[in-house]
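To find a chain, count down the sequence lines: A is the first, B the second, and so on, and within it residues start at 1. Just so you know, these numbers come straight off a predicted model, no measurement behind them.
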Amino acid sequence: MTDLASLLSALLRPAFDAVEPGADPVVRVSDRVDYQANGALALAKRLGRPPRELADAIAATVDLEGLATIEVAGPGFLNLTLADDFIASSLAANYADDRLNVAEATERHRVALDYSAPNVAKEMHVGHMRGTVIGDSLARILRFYGHEVIVRNHVGDWGTNFGMLIEHLIDIGEDVAASELSVGDLDAFYKAAREKFEHDEAFAERSRRRVVALQGGDPETLRRWRVLVDESSRYFDRVYRLLDVGLKPEDVVGESSYNHLLDAVVEDLDHAGLLVESDGALCVFPEGFTNREGDPLPLIVRKRDGGYGYSASDLAALRDRIETLGCDRLYYVVGAPQTQHLEMVFAVARAAGWVPDGVDAKHVAFGNVLGPDHKILRSRDGETLKLVDLLLEAVERAKMALDARDAAYGPDERELLAETIGIGAVKYADLSTERMRDYVFDWERMLSLEGDTGPYLAYAHARIRSIFRRLGRDGPLPGARVSVADPHERTLALELLRFEESLGATLEWLAPHRLCGYLFGIAQTFTAFYENCPVLRAPDEATRESRLVLCDATANTLELGLSLLGIHAPDRM
RNA sequence: GCGCUCGUAGCUCAACGGACUAGAGCAUCUGAUUACGGAUCAGAAGGUUGGGGGUUCGAAUCCCUCCGAGCGCACCA
């Protein structure tokens, strides 16, 4: 389907072109009319003509082909009201062709989507949840649009920490370590290693030597490193399955994967004349970045000791995504504190000529999850909150909520529903807030069946499906005509037709909360419709079938929209 | 100190440079409805969009400045 705003814009364009070639009508959804074009105001300013007069002239010459009526309002707005017949027939046609909830990109991209990025031998905590959930939703939406998405789970599997982690592995024995890691007690493992590193000088010394052995490619050291990586990956995978995200083991391409490209990064930066030695380290000083003292701030590509840091692997990964994978969109779903680092990486890559025209690299930054005290969410005892613990609690709470309801579930159904609802609630709460903002985590609110929540939307969907169960059919009769005679029908139909517009905005801003807002609006509009327009007791057969189309289209939109957020909507709950 | 982000109703959040009434949800209050799954509906109350300037026909949105919060600022990643 084509979105209505684009369609109206195309109809208005000739009239705008006649005034000034290439002028943009700027058609938008308006709260007081179906759509509003305010392009005449900007155009009038540019041409120095009275806006109202210009708007009148455009309105007089425009041909809307009977699809809408136009009216000049205020200082020069062009208010567009769609014809009821047009809304009804568009909805019916799109519904019949199964094209109501379809979106098509005009140009397709190959997108490198970097998200999740947990650290090997370290627990996943709430901070990883946001990146994982947002990234997963964006992956789904991009694919839905027809873009090719190459997911890179840039796990932290390299660096000086691994000296101490491998030594600790040796100390406690691989069998013990493997069982400790596989039950998900990564924090205990990491903390024990850290503890020894800080208080046991002999251990610290062994650790430092071990780093050298690791970076030198010593086979036995690499084998032990691999044990840590593999055990952690298995653990991550379990968390991803619980979280119901599409990340797969083959998406894991960690920092270590770029080791063989790091020398070339340094050489090429040197050839480009960007490399500067400073205090023994090899640095690039991109323009516009300064430190505390106001001096130029370096991106340290190679450390004084000759080792590479994460700047080098980030640069190598960026090149790999452009040069080897052939991506023209690079999205990094990474926390807001990394903003400066990523900007510097992008700046250096551009200066080095590694980012051709038409290639866009973006930091999709996100804020923190806060506790009731408005500080970073922690467990009750003040420790970092393990992601699994949070997810399991969500499932437990959903189970209790289900038990409190007046409905009977089989034990398997109860288990499955609790997982679907609980995890969905957490994900929706996360996705429905603008991603740059910190948000306050609140169990009560996110699991509530009232308000802007995952369970509310899932329930809205299940309730509509139940209409058809009661009817004993799967859907409306084929070829049913749609009428929007009642204002509630009209509003709902129009809202349903705006699916692609909403998805377009979601992608344009890489902001899943826009899709959330749309779906919540759909659910609310539906309730108003359902309250005022009897469906099963409709006055006549034709009205009933028309309303059934609206019901089914709403349920489909909710189900699809939620699935694009990574949330499953069960048919009954 | 410099930089980035945020500051909107009691609380949690929306709002793409567009309006004459800045929207939802929760909580509060008033009515209606014994309901096609009550996640009901109608309505009320609640805001000088942190303060102050500026640009504009028009600013929560853009610019400047101040205040407050969070984060980053050379060899951890």
Residues at least two apart in sequence or cross-chain that pass salt bridge (charged side-chain N to carboxylate O under 4.0 Å, His left out) with Asp24(A), listed by chain then number, are Arg13(A)

Practice prompt. Report which part of the nucleic acid Leu471(A) touches: base, sugar-phosphate, or nothing (heavy-atom distance under 4.0 Å, all strands).
Written response: nothing

Describe the nucleic acid contact of Val29(A) in one word from base, sugar-phosphate, nothing, applying a heavy-atom distance below 4.0 Å.
base

- If only side-chain N and O atoms of His154(A) are considered, is one of them under 4.0 Å from the OP1 or OP2 phosphate oxygen of A77(B)? no

- [ ] Report which part of the nucleic acid Ala462(A) touches: base, sugar-phosphate, or nothing (heavy-atom distance under 4.0 Å, all strands).
- [x] base

Using 30° and 60° as the class limits, which term best fits the ring planes of Phe529(A) and Phe526(A): parallel, tilted or perpendicular?
tilted

Against the side chain of Arg437(A), the closest entry in G18(B), G37(B), G7(B) is G7(B)

Q: Find out whether Tyr145(A) and Leu503(A) are in side-chain contact, i.e. whether some heavy atom of one side chain is under 4.5 Å from a heavy atom of the other.
A: yes

Q | Distance between P atoms of G10(B) and C66(B) (Å, rounded) | A | 28 Å

**Message:** Check the phosphate of G25(B) against Gln524(A), side-chain N and O only, distance under 4.0 Å to OP1 or OP2. Yes or no?
**Reply:** yes

task = Answer with yes or no whether Ser311(A) presents, from its side chain, a donor or acceptor under 3.5 Å of a partner atom in the base of A77(B).
result = no

**OP:** Mind checking Val440(A) for me? I need base, sugar-phosphate or nothing, with any heavy atom below 4.0 Å counting as a touch.
**Re:** sugar-phosphate

Which part of the nucleic acid does Arg52(A) contact within heavy-atom distance under 4.0 Å: base, sugar-phosphate only, or nothing?
nothing

Between G25(B) and C62(B) - C1' atom distance, rounded Å
30 Å

| request: Tell me whether the OP1 or OP2 atom of C75(B) has a side-chain N or O from Tyr310(A) closer than 4.0 Å. | output: no

Per the under-4.0 Å heavy-atom filter, residues of residues 295-305 of chain A near RNA chain B come out as Leu297(A), Pro298(A), Ile300(A), Lys303(A), Arg304(A)

Mind checking if Tyr530(A) touches a base, just sugar-phosphate, or nothing, with heavy atoms under 4.0 Å?
base

- Message: Please tell me if Arg470(A) has a side-chain N or O lying less than 4.0 Å from either OP1 or OP2 of G37(B).
- Response: yes

Ionic contact status for Asp114(A) with Lys362(A), cut-off 4.0 Å:
no

Please determine whether any donor N or O and acceptor N or O are separated by less than 3.5 Å between the side chain of Tyr456(A) and the base of G25(B). no

Regarding Thr433(A), tell me which of base, sugar-phosphate or nothing describes its non-hydrogen contacts under 4.0 Å with the strands shown. sugar-phosphate

Check the side chains of Asp3(A) and Ser6(A) for a donor-acceptor pair under 3.5 angstrom, ignoring hydrogens and angles.
yes

> Aromatic rings Tyr332(A) and Phe346(A): how do their planes relate, parallel, tilted or perpendicular, breaks at 30° and 60°?
Replying inline: tilted

Checklist entry - Are the charged groups of Glu167(A) and Lys196(A) less than 4.0 angstrom apart, N to O? => result no

Would you say a side-chain N or O of Arg514(A) is under 4.0 Å from OP1 or OP2 of A15(B)?
yes

Ignoring hydrogens and angles, are the base of G72(B) and the side chain of Thr339(A) linked by a donor-acceptor pair under 3.5 Å?
no

So Asn38(A), base contact, sugar-phosphate only, or nothing? Heavy-atom distance under 4.0 Å. base

### Query
What does Phe77(A) touch in the nucleic acid at a heavy-atom separation under 4.0 angstrom: a base, only the sugar-phosphate, or nothing?
base

Using atom C1' of each nucleotide, how far apart are G68(B) and G50(B) to the nearest Å? 7 Å

>> Within the 4.0 Å heavy-atom criterion, would you say Arg445(A) contacts the bases, only the backbone, or no part of the nucleic acid?
In response: sugar-phosphate

Q. Is the shortest side-chain N/O distance from His513(A) to OP1 or OP2 of A15(B) below 4.0 Å?
A. yes

task = Name the nucleic acid region contacted by Ala505(A), choosing base, sugar-phosphate or nothing; use a 4.0 angstrom heavy-atom cut-off, strictly under.
result = nothing

Under 4.0 Å, counting only non-hydrogen atoms across every strand here, what does Gln36(A) touch: a base, just sugar-phosphate, or nothing? base

NA contact type, Pro337(A), heavy-atom cut-off 4.0 Å: base, sugar-phosphate, or nothing? sugar-phosphate

